[in-house]
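Here's the structure, in structure tokens; my notes come after.
Computation of the quantities below employed the complete heavy-atom set of this structure, encompassing side-chain atoms and omitting hydrogens, waters and symmetry-equivalent molecules.
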Amino acid sequence: PAYVATGSDGQVLTSAGAGQPCAFETVASLRQGVFVTKNAVQLIAHNTPTKVQFNIENYDPNGDFDNSSDFDYTVASGEGGVYLIHGSLNLLNLNADKIVTCMIYKNGSSLVGSGEYHASHTQSRGVSATVTAVLAEGDLITLWVYHNHGSNRETTSDVTLMRLCVQRIL
């Protein structure tokens, strides 16, 4: 059996292929990405697509998410590639026979949306959307919400239900 030395902080175990010894190597750079959540209620107007204002950056090592004014993720210089994007939200007290939709936007246009038609009784409704997309330097990613309740509704302040994850995978 081959012996593998102990690695150090910031290294990963790599393989050169079958029959070759494994080795620890320093990671050149981590893939770009963010994980943001929301711990405050946001008022969402009836029949009005509204950008979700995430206020907590759980993971944003490069400062690519603006959580104070634009509430968007910006692809950094030199970081274009394939990204996995997931967003979820929860709207409180939606009436029966109404819709709530969440949409992932790229540069102001919808990439993907996911809706929930609620046909039972008044209750909170959660929706999510996921997409894999090719993003270029400077592209902006945001999460939007829409509903047709008939009057303004609020999002939950539960960080486990309000989230946006953007992760470069290639």
Side-chain angles (χ1 to χ4, degrees), residues 30-77 79-170:
L30 296 175
R31 295 282 188 206
Q32 300 298 303
V34 297
F35 169 44
V36 293
T37 55
K38 183 170 183 51
N39 70 351
V41 169
Q42 181 179 343
L43 191 65
I44 308 298
H46 165 72
N47 273 346
T48 306
T50 304
K51 187 187 300 187
V52 178
Q53 298 175 356
F54 292 101
N55 63 334
I56 299 174
E57 295 173 279
N58 298 287
Y59 173 76
D60 186 8
N62 301 307
D64 298 327
F65 188 83
D66 176 356
N67 71 345
S68 63
S69 62
D70 292 329
F71 305 102
D72 54 31
Y73 172 78
T74 303
V75 177
S77 176
E79 291 301 328
V82 178
Y83 284 73
L84 178 63
I85 308 164
H86 173 78
S88 65
L89 57 92
N90 189 280
L91 205 62
L92 300 176
N93 302 317
L94 192 68
N95 282 345
D97 302 320
K98 301 301 177 184
I99 295 171
V100 60
T101 302
C102 77
M103 301 151 287
I104 296 172
Y105 276 48
K106 172 185 168 185
N107 300 328
S109 298
S110 180
L111 278 175
V112 66
S114 176
E116 174 75 25
Y117 172 75
H118 183 52
S120 182
H121 55 281
T122 299
Q123 68 181 29
S124 299
R125 299 304 304 168
V127 290
S128 64
T130 304
V131 65
T132 302
V134 175
L135 302 180
E137 175 182 326
D139 281 346
L140 302 174
I141 298 297
T142 52
L143 188 69
W144 290 69
V145 58
Y146 166 87
H147 72 86
N148 68 346
H149 175 81
S151 61
N152 296 342
R153 295 288 88 198
E154 293 180 338
T155 66
T156 183
S157 59
D158 185 339
V159 297
T160 66
L161 301 174
M162 301 292 296
R163 55 183 55 212
L164 175 65
C165 305
V166 182
Q167 184 64 53
R168 182 174 170 199
I169 56 176
L170 293 174

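In this structure, I141 and L135 have side chains that are in contact, with non-hydrogen atoms separated by less than 4.5 Å. Taking 4.5 Å as the limit, some side-chain heavy atom of Y83 sits within range of a side-chain heavy atom of V75.
Side-chain N or O atoms of S88 include one that pairs as donor or acceptor with a backbone N or O of L161 at under 3.5 Å.
Shown here for S124 and L92, the closest heavy-atom pair between the two residues is OG-CD2, 3.3 Å. The nearest pair of heavy atoms linking S69 to D66 is OG-OD2, 2.9 Å. Between G33 and Y59 the shortest heavy-atom distance is O-CE2, 3.5 Å. The shortest heavy-atom contact between A45 and N152 is CA-OD1, 3.1 Å. Minimum interatomic distance between E57 and N67 (heavy atoms only, all atoms of both residues): OE1-ND2, 3.3 Å.
Partners of T101 according to the side chain to side chain contact (heavy atoms under 4.5 Å, CB included) rule, which considers only residues two or more places apart in sequence or in another chain, are I99, M103, Y146. N55 is linked by a side-chain hydrogen bond (donor to acceptor under 3.5 Å, both in side chains) to N39, counting only residues two or more places apart in sequence or in another chain. For S109, there are no side-chain hydrogen bond (donor to acceptor under 3.5 Å, both in side chains) partners at least two apart in sequence or on another chain. Annotation: side-chain hydrogen bond (donor to acceptor under 3.5 Å, both in side chains) contacts of E154 (sequence neighbours excluded): none. Shown here are the salt bridge (Lys or Arg N to Asp or Glu O under 4.0 Å) partners of D139, two or more places apart in sequence or in another chain: K106. Every residue two or more places apart in sequence or in another chain was checked for a ring-ring contact (aromatic ring centres under 6.0 Å, His included) with F65, and none qualifies. Contacts of Q42 classified as side chain to side chain contact (heavy atoms under 4.5 Å, CB included), with partners at least two apart in sequence or in another chain: K38, I44, T50, V52, Q53, T155. For T160, the side-chain hydrogen bond (donor to acceptor under 3.5 Å, both in side chains) test picks out D158, with sequence neighbours left out. For T37, the side chain to side chain contact (heavy atoms under 4.5 Å, CB included) criterion is met by F35, I56, N58, V159, R163, not counting sequence neighbours. Residues that satisfy the side chain to side chain contact (heavy atoms under 4.5 Å, CB included) test with S151, not counting sequence neighbours, are H149, R153.
The CG atom of L84 lies 13.5 Å from the CZ atom of R168; values are rounded to the nearest 0.5 Å. Here N107 contributes atom CG and T142 contributes atom OG1; the two are 9.0 Å apart, rounded to the nearest 0.5 Å. To the nearest 0.5 Å, the span separating NZ on K98 from CG on L91 amounts to 13.0 Å. Rounded to the nearest 0.5 Å, atoms CG (L140) and CG (D72) are 4.5 Å apart.
Evaluation of the salt bridge (Lys or Arg N to Asp or Glu O under 4.0 Å) test over residues 45-55, restricted to residues two or more places apart or in two chains, returns none.
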Mind listing the side-chain donor-acceptor pairs of residues 127-134 below 3.5 Å, one per line with the distance, residues two or more places apart or on another chain?
| residue | atom | partner | partner atom | Å |
| --- | --- | --- | --- | --- |
| T130 | OG1 | H86 | ND1 | 2.6 |

* Does the pair V145 and V100 meet the rule for a side chain to side chain contact (heavy atoms under 4.5 Å, CB included), with working shown? -> CA-CA 7 Å; V145 58; V100 60; 4.1 Å; yes

* Asked: Between H46 and H147, is a side chain to side chain contact (heavy atoms under 4.5 Å, CB included) present by the stated rule, with each step listed?
  -> CA-CA 6 Å; H46 165 72; H147 72 86; 4.1 Å; yes

